[in-house]
Number of protein chains: 2
Amino acid sequence: MDTKGFAKHDHRACIVDMIAVAEAYSAANKVQFTPVRRRVLELLLEDHKALGAYDVLERLVKEGYGSQPPVAYRALDFLVKHGFAHKIERLNAYIACAHPQKIHAPAFMICRQCKAIAETMTTPTKGPFNQAAEEAGFQIERTVFEAEGLCPKCVSGGAPREVS
Amino acid sequence: MDTKGFAKHDHRACIVDMIAVAEAYSAANKVQFTPVRRRVLELLLEDHKALGAYDVLERLVKEGYGSQPPVAYRALDFLVKHGFAHKIERLNAYIACAHPQKIHAPAFMICRQCKAIAETMTTPTKGPFNQAAEEAGFQIERTVFEAEGLCPKCVSGGAPREVS
DNA sequence: TCTATTGACGTTATATTATAACATCTCTAG
DNA sequence: CTAGAGATGTTATAATATAACGTCAATAGA
Ligand SMILES: [Zn+2]
Ligand SMILES: [Zn+2]
Ligand SMILES: [Zn+2]
Ligand SMILES: [Zn+2]
């Protein structure tokens, strides 16, 4: 399975690997992987949940970084821009990318119960748009694919069904 | 083509039809299609762009309705709840549904240049999730499908390519 | 090495989006 | 013709996001 996030894995390694990738990328591309950017990426990697910008900021303040919103937003923007994180539009929150440095259109499954999030890659050649967009003559540049529901654990744990 | 929004159509009829559908639905389901709710739906129908809650509010104020955010948000929530409008998460904005009262997972193509939006229906049996969700055991309840890019007009009009 | 330029970081201030809580009024059900 | 539910309006506040500016650090040329 290509889907990360609902399965247990070696999370310590997950973080170490990702940081290494980010460092290599930054060196190769002459961008600065600064302490605050590194720390924010670590925070996002700490669990497979999404963090709001102000959640991130709160942590940064405690650790002696700047205390104002732009500090968090700028670090998050850097990570998103360079493919190390994604914004979950539905939640106004950010999450580390599960497939860094691979070109992909990310898609997310968001558990409304436990807030776990899994990222999957979509095949760029199908999906809900590629036929409709072609017919309409629409040129896709970016996509947002987000599904909300119940993760495997919460389904079997008997979470209450969504009300209409 | 099932895609509405990038093609010209009888827009006056579009509005009239939709209001009639909403009225019939409301009568049948014993919910109140009140003046402010009707007016907000008309506003959303006036073009195929999305309106922010505060855009809607501004119009309502001018027309003598309440002047505070909940007035707009409550009308929009009603329309979304009953299937007459959708929220575009990427834009924090609202748009009239193009397929009211048909069960569907909406998908949107959003022109970053002229802001036109087309809604298409996704086939619930494919899409980027149905295979990944099944493999993962994730139970989908709601989906957000939004593509940003250039509409046919803006593509041929030579809009500047998106910067990386 | 020494500057010039760019980019990062921190701040203050403000903009934008959204909801909580409560009073009043209206519709609906009995 | 009431009792209850729902709709509307308000005030106040919460949550999310960006503009603008000064300072400092990294990088690139000379
Ligand atoms: Zn990703
Ligand atoms: Zn869960
Ligand atoms: Zn729709
Ligand atoms: Zn356009």
Side-chain angles (χ1 to χ4, degrees), chain A residues 22-23 25-41 43-44 50-82 84-95 115 144 163, chain B residues 22-23 25-41 43-44 50-82 84-95 115 144 146 163-164:
Chain A
E23 240 158 31
Y25 168 91
S26 298
N29 292 273
K30 314 272 193 216
V31 296
Q32 302 177 50
F33 192 53
T34 62
V36 66
R37 289 167 176 176
R38 167 193 299 255
R39 189 67 192 115
V40 171
L41 181 53
L43 290 172
L44 293 183
L51 292 179
Y54 283 76
D55 297 329
V56 169
L57 181 58
E58 193 178 351
R59 302 287 303 267
L60 292 178
V61 172
K62 283 182 191 156
E63 300 179 16
Y65 294 97
S67 64
Q68 299 306 315
V71 173
Y73 280 104
R74 287 194 291 227
L76 290 166
D77 288 348
F78 172 89
L79 296 174
V80 169
K81 177 177 179 186
H82 294 286
F84 297 111
H86 301 289
K87 181 174 187 184
I88 310 289
E89 297 292 340
R90 178 82 198 205
L91 303 178
N92 295 320
Y94 301 81
I95 191 164
K115 309 303 179 193
V144 175
V163 298
Chain B
E23 239 159 31
Y25 169 91
S26 298
N29 292 272
K30 314 272 195 217
V31 296
Q32 302 176 50
F33 192 54
T34 61
V36 66
R37 289 168 177 176
R38 168 192 297 255
R39 190 69 192 113
V40 171
L41 181 52
L43 290 172
L44 294 183
L51 292 179
Y54 283 76
D55 297 329
V56 169
L57 181 59
E58 192 179 349
R59 302 286 305 265
L60 292 177
V61 172
K62 284 182 190 157
E63 300 180 16
Y65 294 98
S67 65
Q68 301 305 315
V71 172
Y73 279 105
R74 286 194 292 227
L76 290 166
D77 287 349
F78 172 90
L79 295 174
V80 169
K81 178 177 178 184
H82 293 287
F84 297 111
H86 301 290
K87 181 174 186 184
I88 309 290
E89 298 291 341
R90 180 81 197 206
L91 303 178
N92 296 318
Y94 300 82
I95 193 165
K115 309 304 181 193
V144 176
E146 296 171 2
V163 298
S164 94

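Just so you know, these numbers use all the heavy atoms, side chains as well, and skip hydrogens, waters and symmetry mates. All chains are named by letter (A, B, ...) in the order of the sequence lines, taking the proteins before the strands, and each is independently numbered beginning at 1.
When the side-chain nitrogen and oxygen atoms of B:Asn92 are compared with OP1 and OP2 of C:dT16, none of them lie within a distance under 4.0 Å. Distances shorter than 4.0 Å separate none of the side-chain N or O atoms of B:Tyr54 from OP1 or OP2 on C:dT17.
Atom CD in B:Glu89 sits about 13 Å away from atom C1' in C:dA18, given to the nearest Å. The CG atom of B:Leu51 sits 12 Å away from the P atom of C:dT17 (whole-angstrom rounding).
With a cutoff of under 4.0 Å to any heavy atom of chain B, the contacted region of DNA chain D is bounded 5' to 3' by D:dG6 to D:dT11.
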* To do: Going 5' to 3' through nucleotides 1-15 of chain C, assign each nucleotide B (protein heavy atom under 4.0 Å from a base atom), S (under 4.0 Å only from sugar-phosphate atoms) or - (no protein heavy atom that close).
  => ------SSBBBB---
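The list of salt bridge (Lys or Arg N to Asp or Glu O under 4.0 Å) pairs with a residue in residues 60-75 of chain B, not counting sequence neighbours, reads B:Arg39-B:Glu63.
Residues passing the side-chain contact (heavy atoms from CB on, under 4.5 Å) test with B:Thr34 are B:Gln32, B:Val36, B:Arg37, sequence neighbours excluded. With sequence neighbours left out, the side chain to side chain donor-acceptor pair (under 3.5 Å) criterion links A:Tyr25 to A:His82. Taking the side chain to side chain donor-acceptor pair (under 3.5 Å) definition, one finds that B:Arg90 meets it with B:Glu148, sequence neighbours left out.
Put simply, the side chain of B:Leu79 does not reach to within 4.5 Å of the side chain of B:His86, judged on heavy atoms. A:Phe33 is listed as a side-chain neighbour of A:Leu41, based on a closest heavy-atom distance under 4.5 Å. Put simply, the side chain of B:Leu76 reaches to within 4.5 Å of the side chain of B:Leu44, judged on heavy atoms. When side chains are defined from C-beta on, B:Tyr73 does not count as touching B:Phe78, because their heavy atoms never get closer than 4.5 Å.
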